[in-house]
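Reading through the structure tokens given below for one structure.
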Protein chains: 2
Amino acid sequence: MASIKDVAAAAGVSVATVSRVLNAHPSVSADARARVLAAVESLGYRPNAVARSLRTDQTHTLGLVISDVLNPYFTELARSVEEEARALGYSVIIGNADERPDLQDHHVRNLLDRRIDGLLVSPTDGGSPLMLDAARAGTPMVFVDRWIPGVDVPVVRADGRAAVQDLVAHLHALGHRRVAIIAGPAATTTGSERVEAFRAALAAYGLPLPDVYIGQGDFQAASGRRVTEGFLDLPEPPDAVFAADNLMALGALDAVRARGLRVPDDIALAAFDDIPWFVHTDPPVTAIAQPTGELGRAAVRALVDRIEGRPAASVTLAARLVVRRSCGEAPETARIIPTPSLPPVQRSTT
Amino acid sequence: MASIKDVAAAAGVSVATVSRVLNAHPSVSADARARVLAAVESLGYRPNAVARSLRTDQTHTLGLVISDVLNPYFTELARSVEEEARALGYSVIIGNADERPDLQDHHVRNLLDRRIDGLLVSPTDGGSPLMLDAARAGTPMVFVDRWIPGVDVPVVRADGRAAVQDLVAHLHALGHRRVAIIAGPAATTTGSERVEAFRAALAAYGLPLPDVYIGQGDFQAASGRRVTEGFLDLPEPPDAVFAADNLMALGALDAVRARGLRVPDDIALAAFDDIPWFVHTDPPVTAIAQPTGELGRAAVRALVDRIEGRPAASVTLAARLVVRRSCGEAPETARIIPTPSLPPVQRSTT
DNA sequence: GTGACGCTTGGAATCGATTACATCGAGACG
DNA sequence: CGTCTCGATGTAATCGATTCCAAGCGTCAC
């Protein structure tokens, strides 16, 4: 592969001049510029990003560590992150943690070793020492979707409380009284928050959320299935189940179907995180939709702000309920319930 | 961030010795090794991968350029690629081409600039000059799923011909005679091959595949919808539609549903590429399943072979038909039809 | 006792860029 | 006409590692 020296030799100038041409430095004569450009062209020269990074201490690369690539929510997030990053001149290296803290740390370490300019994380657990150290050491960092409390890192996420209230209102209106939740890991903020929001919304209707109706899942399909089977084995099974993410909802659907039961006639089902497939399932699944694309873009903008020395802002967007048929035939005419109680965008500087 | 010099100073040795300890070079005294390790520990030193790459001309990184991250098939492929790569000591940088040749080239250029050790591509089009140059220039490269004919690069893919024959047999047995296909872009091998396999299989039953029954899609959901609408507008619409990928099948399902029609009663539907969601759609979709995970792993092994100087082998695995309910109630008892005509694995050295 | 050998170790070159500093020449101005 | 300024250019240091080469030193055999 041709190096800058080869170009310099071919153009009859020094490497400094070649570098100046390549970096659009003003003081280069038109003649020298033309000769360099010609040499670059004829040699098919491309600057070595590795060498450049070593010298400038910038890789123009963002690291993104997500909890689970197979989850369409995170796939869409990854896609929007890459898009916005590309628009701002950055590349993205994605690490898939598969909901495993050890894998998460592996990827964080790897990305740090590669001297990425900044890190976007949706933490799998509550506090990897590695990540805390990195944050303290000043690595530009932004949490997306999930976060770690007590760390001074901007958070970009969706607030689902209003939408959960709408969901509970919807379930209540359809006559469901024994409602259960398939929760995510308590170590994740989304895991615990969704349970709390659900419990609070139920309380407003005087409905309890007994412990046997809180199933412990791990955001993966298998756990949704397992928990749902547990619910169905109960002497008094719930008449509605809320899955804290889409994969666990899929597992729940599996479990219900395996028993020869039907949604929503035998049991209602709703999910956090809406995905295109929910329109086509049997029945279409009522879900809480996050503004995923906007979340990804906002997270990148915040991170790049931080990297380039501007103040980075935390961002909270609103999620909304999308009613379909999995909780019963809806009496409402509106299929999407807006959540006027929460402003569409809240910004706070961190 | 601490550098090797800091470690050397702290341990009272030269940088050469530190480097030897870090790289497990044999001739280092136990005493020196202990002091270096202690210094590494207390400084929290981590070698700078950028500097190391510059010097050794190896990044231990693989590039993966896929056609569309939102397609669950490619997501699963990406996941298995990353897994196998990690097991072999490599990281993966994923580029999403979104079925756009310009984006594909952007990512290839970017990855080449970063001096990745090897490139895994599922080409969006038939022949980007950039990719041809890279292949000729000796960049270790492997095509996965799709390939570019006439380039001397190993190909790892699934052969779907036998499964397509099984699908046609299935459709024929259920009485479907006017069968149509939503094809992928002719510029991709998978796009054209699937049409040819389908046409050939139909011919064996004396069934035609008229041009009006070949809809031109682009592997994205919207095109599946558009093409299906066109089919339904025909004076004599098909009674079965085969979508050449899962996203277009989703679009087709949309279109059928939007007309108030039902699958399979009004029109049968089958797809290439099976995904977990197809079990839960209304109705469950009959699909041709590729051994996606094995494909990804085999591709990485082939690429790493090439990188590390061993001969790389092309690999062809068999796809299989998974019968569900979207083509009509199946008379067979077996839900998975094995394809005994094709051996499970074919290997050929390239 | 001494030369050879082998194990450790350090010095310094190197990878391919960027960039501070020095130099050179030409034009401007008094 | 001398000097000052400024634009264009080159030299060389530098980023953080790896690795070749030479040197130091202890041990062993003769």
Side-chain angles (χ1 to χ4, degrees), chain A residues 1-40 43-61 89 109-117 137, chain B residues 1-37 39-40 43-61 89 91 109-117 137:
Chain A
M1 196 113 210
S3 84
I4 195 170
K5 279 189 200 157
D6 304 316
V7 176
V13 298
S14 74
V15 294
T17 299
V18 175
S19 177
R20 287 189 190 100
V21 171
L22 263 27
N23 292 285
H25 187 99
S27 55
V28 179
S29 67
D31 175 57
R33 166 172 289 108
R35 292 212 312 280
V36 168
L37 259 18
V40 164
L43 292 172
Y45 168 76
R46 299 242 80 213
N48 183 328
V50 175
R52 187 189 295 232
S53 292
L54 176 60
R55 184 59 234 249
T56 62
D57 203 30
Q58 297 181 42
T59 49
H60 276 279
T61 303
R109 207 184 315 273
N110 187 320
L111 292 166
L112 257 22
D113 285 353
R114 286 165 188 272
R115 301 303 195 266
I116 45 146
D117 292 344
Chain B
M1 197 110 211
S3 84
I4 196 171
K5 279 188 198 154
D6 303 316
V7 175
V13 298
S14 73
V15 295
T17 299
V18 175
S19 177
R20 281 191 273 258
V21 171
L22 263 27
N23 293 285
H25 188 99
S27 56
V28 179
S29 66
D31 175 57
R33 180 186 320 281
R35 292 213 312 281
V36 167
L37 259 18
V40 164
L43 291 172
Y45 169 76
R46 299 241 80 215
N48 183 326
V50 175
R52 185 188 295 227
S53 292
L54 176 61
R55 183 60 235 249
T56 62
D57 203 30
Q58 297 181 42
T59 50
H60 277 280
T61 303
S91 302
R109 205 184 317 271
N110 187 306
L111 291 166
L112 257 22
D113 285 354
R114 284 162 190 275
R115 302 300 195 267
I116 45 145
D117 292 343

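Just so it is clear: chains get the letters A, B, ... in the order the sequence lines come, proteins before strands, and each one is counted from 1. All values reported here derive from a predicted model rather than from experimental measurement.
Contacts of B/Val13 with the nucleic acid, taken as non-hydrogen atoms under 4.0 Å apart, involve only primed sugar atoms and P, OP1 or OP2. Note on A/Ala32: only backbone sugar-phosphate atoms sit closer than 4.0 angstrom, heavy atoms only; bases stay farther off.
Using a 4.0 Å cut-off on heavy atoms, the residues of residues 18-27 of chain A that approach DNA chain C are A/Ser19, A/Arg20, A/Asn23, listed by number.
Not counting sequence neighbours, the partners of B/Arg35 by the salt bridge (charged side-chain N to carboxylate O under 4.0 Å, His left out) test are B/Asp31. Scanning for side-chain hydrogen bond (donor to acceptor under 3.5 Å, both in side chains) contacts around B/Asp117 gives B/Thr59, with sequence neighbours left out. For B/Arg46, the side-chain hydrogen bond (donor to acceptor under 3.5 Å, both in side chains) partners at least two apart in sequence or on another chain are A/Asp113.
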**Report entry** Step-by-step side-chain contact (heavy atoms from CB on, under 4.5 Å) determination, A/Ser53 to A/Val50
**Finding:** CA-CA 5 Å; A/Ser53 292; A/Val50 175; 5.9 Å; no
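For the pair A/His60 NE2 and C/dT18 P, the computed distance is 11 Å after rounding to whole Å.
Taking every nucleotide of DNA chain D with any atom under 4.0 Å from a non-hydrogen atom of chain B, the first and last of them, 5' to 3', are D/dC15 to D/dC20.
Residue B/Arg55 is the one, among B/Arg55 and A/Asn48, whose nearest nucleotide of DNA chain C lies closer to the 5' end (criterion: closest heavy atom). Heavy-atom distances to DNA chain D give each of A/Arg115 and A/Ser14 a nearest nucleotide, and the one nearer the 5′ end belongs to A/Ser14.
Looking at A/Arg52 and A/Asn48, their side chains never bring a donor and an acceptor atom within 3.5 Å of each other.
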Cut-off 3.5 Å, no hydrogens considered: what does the side-chain donor-acceptor table look like for residues 17-25 of chain A, sequence neighbours left out?
residue: A/Ser19; atom: OG; partner: A/Asn23; partner atom: ND2; Å: 3.3
residue: A/Asn23; atom: ND2; partner: A/Ser19; partner atom: O; Å: 2.7
residue: A/His25; atom: NE2; partner: A/Ser27; partner atom: OG; Å: 3.3

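Heavy atoms only, all atoms of each residue included: B/Ala10 and B/Leu43 are closest at CB-CD1, 4.1 Å. Heavy-atom minimum distance, B/Val40 versus B/Val7: CG2-CG1, 3.9 Å.
Considering only the side chain of A/Tyr45, C/dA17 comes nearest among C/dA17, C/dG10, C/dT19.
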